[in-house]
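First the structure, in the form of structure tokens, and then the observations on it.
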Amino acid sequence: MRMAKLFGRTLREAPADAELPSHKLMVRAGMIRPLGAGIYSLLPLGWRVARKVERIVREEMDAIGGQELLMPVVHPADIWKQTGRYQKIGAEMARLKDRGDRDMLLAMSHEEVVADLVRTEINSYRQLPQIVYHIQTKFRDEPRARGGLIRVREFTMKDSYSLDADSAGLDASYDKHWHAYTRIFTRMGLKFVVVGADVGMMGGSLSEEFMAFSPHGEDILLICPTGDYAANRDVATYQREAPLVGEQRPLEEVETPNTTTIQALADFLGIPLGETAKAVFYKSSSGRIIFAVIRGDLDVNETKLRQVTSETDLVTATAEQIRAIGAEPGYGSPVGVHDCLIVVDESVRDTPNLVAGANKPGYHLRNVNLGRDYQADLVADIASAAGGFPCPVCGTLMGAERGIEVGNIFKLGTHYTVPLDGTYLDAEGKAHPVVMGCYGIGIGRGAATVAEQHHDERGLRWPVSVAPFHVSLLSLGVDAAVTEAAERLYDELTRAGVEVLYDDRTDRAGVKFNDADLIGNPIRLSVSTRTLANDQAELKVRSADAAEFIPIGEVVVRVKTLIDEMLAGLKP
RNA sequence: CGGGGAGUGGCGCAGUCCGGUUAGCGCGCAGCGUUCGGGACGCUGAGGUCGGAGGUUCGAAUCCUCUCUCCCCGACCA
């Protein structure tokens with residue numbers, strides 16, 4: 001490709017609203033352009049990166065027996081009503097009506113369609129197992145799109161679906177995907193970890209996320225340094241201390257003016273946070289007030305709380321709602337409250353004589369004990385793990401890392417095939433629901449995540465596997481002999497199968513160097529009067545410090561060798 | 001949805017508080033000339049309904065009302 005003809009230009013300055021490195025650099029490099037919040041066009045350079053990612057994904061999906069197909073992006077609402085997700089999912093789903101006033105929606109996922117296809121295409125156990133996948137546009141009206149391509153509303157996703165006769169088959173299909181995903185992200189040059197995750201709106205039993213490390217990641221991961229445990233903080237557990245045994249001392253009211261936070265309370269009484277009980281109030285979408293009680297040194301994990309209460313939606317309760325159950329904001333305790341669901345973390349059960357609120361302003365209670373002073377509706381693990389907490393498997397202190405979710409895999413089971421009647425007949429002629437798994441990879445997010453991990457102050461540094469081009473070829477200066485030599489190199493490289501972005505513009509050397517660094521193709525070749533004097537070209541690897549000079553005649557071979565070496569370095 | 005901020009040429013910004021020539025600046029863009037290995041220089045030029053609607057006023061980018069959009073933090077999230 002000749003840069004003089006390339007559609008899309010580089011920018012010297014990034015838009016003021018860009019924050020993430022990948023966002024700034026991909027906009028500056030002329031790879032992406034925003035159309036609206038979380039809605040982007042991919043310009044030719046960005047599209048080439050996305051296509052490279054897609055190619056890797058296709059190769060690895062095909063390698064585990066996946067069959068590519070394509071499912072619609074606009075769905076009739078019926079099948080989503082049958083699985084209940086039409087009712088369950090809120091504003092994140094973009095809904096519309098067709099001319100006949102029928103409910104339609106923009107696909108945010110395709111489990112329903114797959115289950116529908118199962119109903120029509122799968123009749124017999126002889127047809128199982130199957131893996132089908134597609135690479136398709138999805139739309140999720142995220143409450144807050146941000147970060148360039150990392151978190152968008154319209155996006156391209158590869159999702160695959162495994163169809164099996166039983167859970168053993170699902171285990172095998174899941175395992176295949178686990179390995180395929182590992183190969184895909186390795187080939188993309190990502191540093192990542194697989195963590196246990198929440199099943200969220202997908203339903204199903206088991207879920208793992210492929211998390212690329214990034215200081216700008218939105219997820220927090222807890223990782224045991226010995227390698228035996230890694231989980232998203234949403235679901236991470238940790239080794240609890242042994243319950244403290246102690247004599248239950250008598251309840252005692254203590255005056256505590258202006259101590260509405262746990263920290264203030266601990267400071268005021270001169271006790272550690274761990275000797276207090278924290279009260280957190282939520283209102284659920286089903287209308288219940290959930291009263292979570294946890295030890296003061298811990299934080300409530302809302303994902304866990306949602307799980308144990310079977311609530312899908314929790315929002316922080318208002319002061320009026322808190323008073324309505326007999327509690328007092330800032331001085332809340334489970335002693336004497338009513339009309340709410342009391343969920344107690346194990347830490348509170350296992351620690352006697354805590355200081356909790358007195359449910360009236362300015363007072364707390366000493367020596368509050370579960371069972372004696374109040375009853376719990378549920379005792380469960382609702383605590384957030386954090387860095388420095390002991391690993392649930394081996395007790396080693398865990399580290400906390402930030403990550404970007406680039407892929408996830410789910411064991412769905414029969415969650416979708418039962419309501420949509422996706423059944424097959426076994427050898428005895430008996431009908432069973434097909435057992436499903438689903439597996440997603442965000443293409444654009446994947447590309448942007450590579451950019452997050454591979455850049456420097458000058459610009460992007462794409463791994464060769466996903467770079468828009470292998471080589472940036474620069475002709476420096478106005479010497480006709482230079483142009484001629486560059487043209488010849490461009491031609492030879494291209495014919496040798498090397499992807500070349502040829503900077504044939506009339507700009508000065510500095511401009512071309514800067515744009516080449518910004519765009520970030522892995523190999524830079526420069527031809528100038530100076531190099532030509534020795535019948536040479538300059539070759540510099542984007543991620544290296546030094547350049548080398550090589551005879552013009554050896555450029556093609558050298559470049560091809562280098563590309564092969566770079567690809568070998570990304571081998572799974 | 002809650003809190004905060006911003007909409008002025010393709011990008012980055014000033015001007016708005018305190019209304020008043022023709023709305024500026026840098027980058028970019030076009031033409032000409034000089035320059036040519038790390039974002040050159042000179043001259044000339046194009047490009048703006050100041051997000052939109054309504055209002056106040058002799059006069060509105062500037063004041064008032066409504067509205068749309070975008071960003072940040074939080075809530076939320078296969």
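Chain naming here is simple, since letters A, B, ... match the order of the sequence lines and numbering starts at 1 in each.
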Donor-acceptor pair, A/S41 side chain versus A/L43 backbone, under 3.5 Å?
->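 Not a single qualifying donor-acceptor pair exists.
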Donor-acceptor under 3.5 Å (A/K304 side chain, A/V235 main chain) =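 Absent.
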Any-strand Watson-Crick or G-U partner of [N], both distances under 3.5 Å:
N	answer
B/rU57	none
B/rC17	none
B/rC50	none

Could you measure between the two [atom1] atoms, the one in [N] and the one in [M], and give it in whole Å?
N	M	atom1	value
B/rU62	B/rG52	P	10 Å
B/rA46	B/rG9	C1'	10 Å
B/rG28	B/rC41	P	8 Å
B/rA14	B/rG55	P	31 Å
B/rU56	B/rC63	C1'	8 Å
B/rA6	B/rG15	C1'	16 Å
B/rC29	B/rC11	C1'	12 Å
B/rU16	B/rG20	P	9 Å

Measure across A/L532 and A/A481 and return the closest heavy-atom pair with its distance rounded to 0.1 Å.
->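 Minimum heavy-atom contact is CD2-O, 3.5 Å.
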Suppose the criterion is salt bridge (charged side-chain N to carboxylate O under 4.0 Å, His left out): which pairs have a residue in [range], not counting sequence neighbours?
range	answer
residues 13-40 of chain A	none
residues 439-449 of chain A	none
residues 171-184 of chain A	A/E60-A/R183, A/D171-A/K411

Please work out if [X] contacts a base, only the sugar-phosphate, or nothing of the nucleic acid, heavy-atom cut-off 4.0 Å.
X	result
A/F155	base
A/E405	sugar-phosphate
A/R458	base
A/K138	base
A/D517	base
A/E209	nothing

Establish, from distance only, whether the side-chain atoms of [X] and [Y] form a donor-acceptor pair under 3.5 Å.
X	Y	value
A/E302	A/Y282	yes
A/T83	A/E112	yes
A/Q536	A/T531	no
A/H177	A/S160	yes

Side-chain N or O of A/R12 less than 4.0 angstrom from OP1 or OP2 on B/rG39?
->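 Checking A/R12 against B/rG39: no side-chain N or O falls below 4.0 Å of OP1 or OP2.
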Within the sub-3.5 Å range, which N or O atoms of nucleotides 2-10 of chain B have a protein N or O partner, and how far apart are they?
none

Contacts of type ring-ring contact (aromatic ring centres under 6.0 Å, His included), residue [X], not counting sequence neighbours:
X	result
A/H455	none
A/F281	A/F291
A/Y181	A/F185, A/F210
A/H110	A/H75, A/H134

When you get a sec, tell me which of B/rG39, B/rC36, B/rC76 is the closest nucleotide to the side chain of A/R508?
->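 Comparing B/rG39, B/rC36, B/rC76 against the side chain of A/R508, the answer is B/rC36.
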From B/rC70, B/rC36, B/rC72, pick the nucleotide closest to the side chain of A/E19?
->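 My answer, after comparing the listed nucleotides, is B/rC72.
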Cationic tip of A/R95 above A/Y86 ring, under 6.0 Å, 45° of axis =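 Yes; both conditions hold, so A/R95 lies above the ring face of A/Y86.
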Residues touching RNA chain B, which here means a heavy atom under 4.0 Å, drawn from residues 524-534 of chain A =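 Within this stretch, A/R524, A/S528, A/R530, A/T531 sit under 4.0 Å of the strand.
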Residues of residues 172-185 of chain A with any non-hydrogen atom less than 4.0 angstrom from an atom of RNA chain B: list those, numerically ordered, please.
->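 Those residues whose heavy atoms fall under 4.0 Å from RNA chain B, taken from residues 172-185 of chain A, amount to none.
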Separation of A/E302 atom CD from B/rA75 atom C1', in whole Å?
->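 Rounded to the whole Å, the gap is 8 Å.
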B/rC76 C1' sits how many Å from A/R153 CZ, rounded?
->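 Atom CZ in A/R153 sits about 14 Å away from atom C1' in B/rC76.
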Got a donor-acceptor pair under 3.5 Å from the side chain of A/D515 to the base of B/rG39?
->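 Checked by distance alone, the answer is yes.
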Under-3.5 Å N/O pairs linking protein and nucleotides 12-15 of chain B:
from	atom 1	to	atom 2	distance (Å)
B/rG12	OP1	A/A16	N	2.8
B/rG12	O2'	A/E13	OE2	3.2

Please, which pairs that meet ring pair (Phe, Tyr, Trp, His ring centres under 6.0 Å) have at least one residue in residues 507-545 of chain A, sequence neighbours excluded?
->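 For residues 507-545 of chain A: none.
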